[in-house]
Asks: 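Mind looking over this structure? Questions follow.
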Amino acid sequence: MNPYEKGIGYRYLFETKYYPDRPLVDDLGRLTYPPLFKIYPNAPRIDLPKELQIPKVTLAEVIAARRSQRHFRNEPLTLKELTFLLWASQGITSPQGYRTAPSAGALYPIETYLSVQNIKDIPAGIYHFNVRDFSLERLKEGNFASALTEMALGQSMVRKAAVVFIWTAVILRSMSKYRNRAIRYIFLDAGHICQNLLLATTALGLGACPIGAFYDEEIDRLLGVDSHTEMTIYLAAVGRV
Ligand SMILES: Cc1cc2nc3c(=O)[nH]c(=O)nc-3n(C[C@H](O)[C@H](O)[C@H](O)COP(=O)(O)O)c2cc1C
């Protein structure tokens with residue numbers, strides 16, 4: 001056995017493969033489905049404009065142009081731009097509730113939070129994207145750019161970003177159905193969401209960079225999530241280039 005095969009990463013992959021002749025057995029017991037939407041009913045709310053600012057570039061142009069950008073100008077984004085990014089990454093686009101990005105079993109385990117650092121007409125703070133109502137819920141007021149930079153291992157693009165998207169996973173939404181294999185799907189879901197965001201930023205002429213390196217539980221604390229049922233899994237810094 002190669003040493004890496006003993007590690008938790010390899011074991012996870014191996015033990016969550018589907019085989020035609022083997023049921024996936026686990027000892028997780030009965031799992032219950034948490035609600036599909038997370039809502040902060042007492043948070044101050046900003047309704048997002050329903051009319052979207054649709055860029056005119058073609059899909060091929062956007063795919064060809066996308067590049068990770070880590071240097072941002074100190075200029076605000078508009079609410080319309082931010083709205084398009086939220087819609088592109090997690091907007092509801094069907095009467096059944098399906099969204100712009102696919103999700104295994106349509107269970108939508110990913111929640112979107114924002115560190116708003118330089119958006120015109122929105123006070124700096126930590127916000128939650130209420131997908132159902134297409135609004136932002138303010139969880140904390142203040143500019144957390146410096147604190148978040150430290151939490152992202154000092155990566156300076158975070159400080160200069162106009163907004164940082166922070167994605168958490170409500171793991172039981174997926175695990176209730178897919179058990180241990182759900183963790184694979186959760187990260188695949190997040191990848192789809194982030195790619196939609198990256199393409200949308202490119203289409204608007206903005207810059208963005210995905211970020212996988214951060215102190216997980218420090219960001220959880222910033223958001224006020226418990227690190228057990230819900231935890232931070234991915235970030236993206238967005239700004240004007
Ligand atoms: C899962 C993931 C995590 C990443 N994490 C970071 C990061 O923490 N810091 C960073 O500067 N870039 C990060 N990147 C960006 C990659 O470095 C970048 O995508 C790669 O160099 C290819 O360049 P391109 O995106 O311009 O095509 C990440 C990308 C992905 C997909």
Side-chain angles (χ1 to χ4, degrees), residues 4 7-10 12-13 16 55 57-74 77 81 84-86 88-90 99-104 108-118 126 129 144-171 174 181-223 225 227 230-241:
Y4 73 87
I8 190 170
Y10 184 88
Y12 173 77
L13 284 178
T16 57
V57 281
T58 67
L59 179 63
E61 285 168 336
V62 171
I63 289 175
R66 186 213 60 80
R67 194 90 290 138
S68 292
Q69 306 281 349
R70 299 177 180 84
H71 299 283
F72 305 118
R73 286 197 277 143
N74 186 21
L77 263 54
E81 287 170 324
F84 179 68
L85 300 182
L86 288 163
S89 52
Q90 274 293 264
R99 306 185 190 179
T100 48
S103 174
Y108 303 104
I110 309 298
E111 291 289 326
T112 304
Y113 297 80
L114 302 178
S115 172
V116 168
Q117 300 172 176
N118 196 5
I126 302 296
F129 176 39
F144 294 91
S146 292
L148 192 57
T149 302
E150 295 314 310
M151 295 173 194
L153 278 58
Q155 300 188 69
S156 60
M157 63 173 139
V158 170
R159 186 175 289 109
K160 297 193 196 123
V163 59
V164 181
F165 281 64
I166 305 171
W167 290 292
T168 66
V170 178
I171 57 169
S174 297
R181 191 173 167 91
I183 306 301
R184 293 166 172 256
Y185 296 161
I186 286 170
F187 286 91
L188 294 172
D189 268 39
H192 293 301
I193 291 167
C194 185
Q195 180 71 355
N196 272 17
L197 174 79
L198 300 176
L199 294 177
T201 55
T202 306
L204 290 177
L206 304 171
C209 184
I211 300 176
F214 48 83
Y215 298 118
D216 308 61
E217 296 199 356
E218 291 192 10
I219 300 189
D220 292 344
R221 271 194 292 282
L222 177 70
L223 305 179
V225 303
S227 300
E230 180 177 359
M231 60 197 79
T232 303
I233 60 166
Y234 206 11
L235 315 179
V238 179
R240 222 172 266 296
V241 285

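We're numbering straight along the sequence, starting at 1. One-based numbering, in listed order, for ligands and for the atoms of each.
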Asks: For ligand 1, which atoms, with element, lie under 4.0 Å from some heavy atom of A213?
Replies: 8 (O)
Asks: Atoms of ligand 1 less than 4.0 Å from G212 heavy atoms?
Replies: 3 (C), 4 (C), 5 (N), 6 (C), 7 (C), 8 (O)
Asks: What do you reckon, is CG of L13 surrounded by more than 12 foreign heavy atoms closer than 6.0 Å?
Replies: yes
Asks: Is the Y10 ring parallel, tilted or perpendicular to the Y4 ring (thresholds 30°, 60°)?
Replies: perpendicular
Asks: Could you pull out the closest heavy-atom pair between A237 and I211, with the gap in Å?
Replies: CB-CD1, 4.1 Å
Asks: Which one of M157, R159, Q117 satisfies the side chain to side chain contact (heavy atoms under 4.5 Å, CB included) criterion with F72?
Replies: M157
Asks: Note the single closest protein heavy atom to atom 12 (N) of ligand 1, along with its residue, its atom name and the distance in Å.
Replies: R70 NH2, 3.2 Å
Asks: For atom 28 (C) of ligand 1, tell me which residue out of A237, P210, C209 has the closest non-hydrogen atom.
Replies: P210
Asks: Using only atom types and a distance under 3.5 Å, with no angle test, would you say the side chain of Y234 pairs donor to acceptor with the backbone of F165?
Replies: no
Asks: Would M157 count as a contact of ligand 1 if the rule is a heavy atom under 4.0 Å away?
Replies: yes
Asks: Using the side-chain hydrogen bond (donor to acceptor under 3.5 Å, both in side chains) definition, which of the options T168, D216, D220 pairs with T232?
Replies: D220
Asks: To the nearest 0.1 Å, how far is atom 7 (C) of ligand 1 from its closest protein heavy atom, and which atom is that?
Replies: Q155 OE1, 3.6 Å
Asks: Does the protein place any heavy atom closer than 4.0 Å to atom 22 (C) of ligand 1?
Replies: no
Asks: Under 4.0 Å, heavy-atom basis, I'd like to know which part of Y234 is in contact with ligand 1: side chain, backbone, both or neither.
Replies: side chain
Asks: Between A152 and ligand 1, which residue portion shows a heavy-atom distance shorter than 4.0 Å: side chain, backbone, both, or neither?
Replies: neither
Asks: At a 4.0 Å threshold, what atoms of ligand 1 neighbour a non-hydrogen atom of R66?
Replies: 24 (P), 25 (O), 27 (O)
Asks: So which protein heavy atom does atom 19 (O) of ligand 1 come closest to, and at what separation?
Replies: S68 OG, 3.4 Å
Asks: Taking atom OH as the centre, does Y215 end up with more than 12 heavy-atom neighbours from other residues, nucleotides or ligands that are less than 6.0 angstrom away?
Replies: no
Asks: Mind listing the closest non-hydrogen atom pair of A208 and T201 along with its distance?
Replies: CB-OG1, 3.6 Å
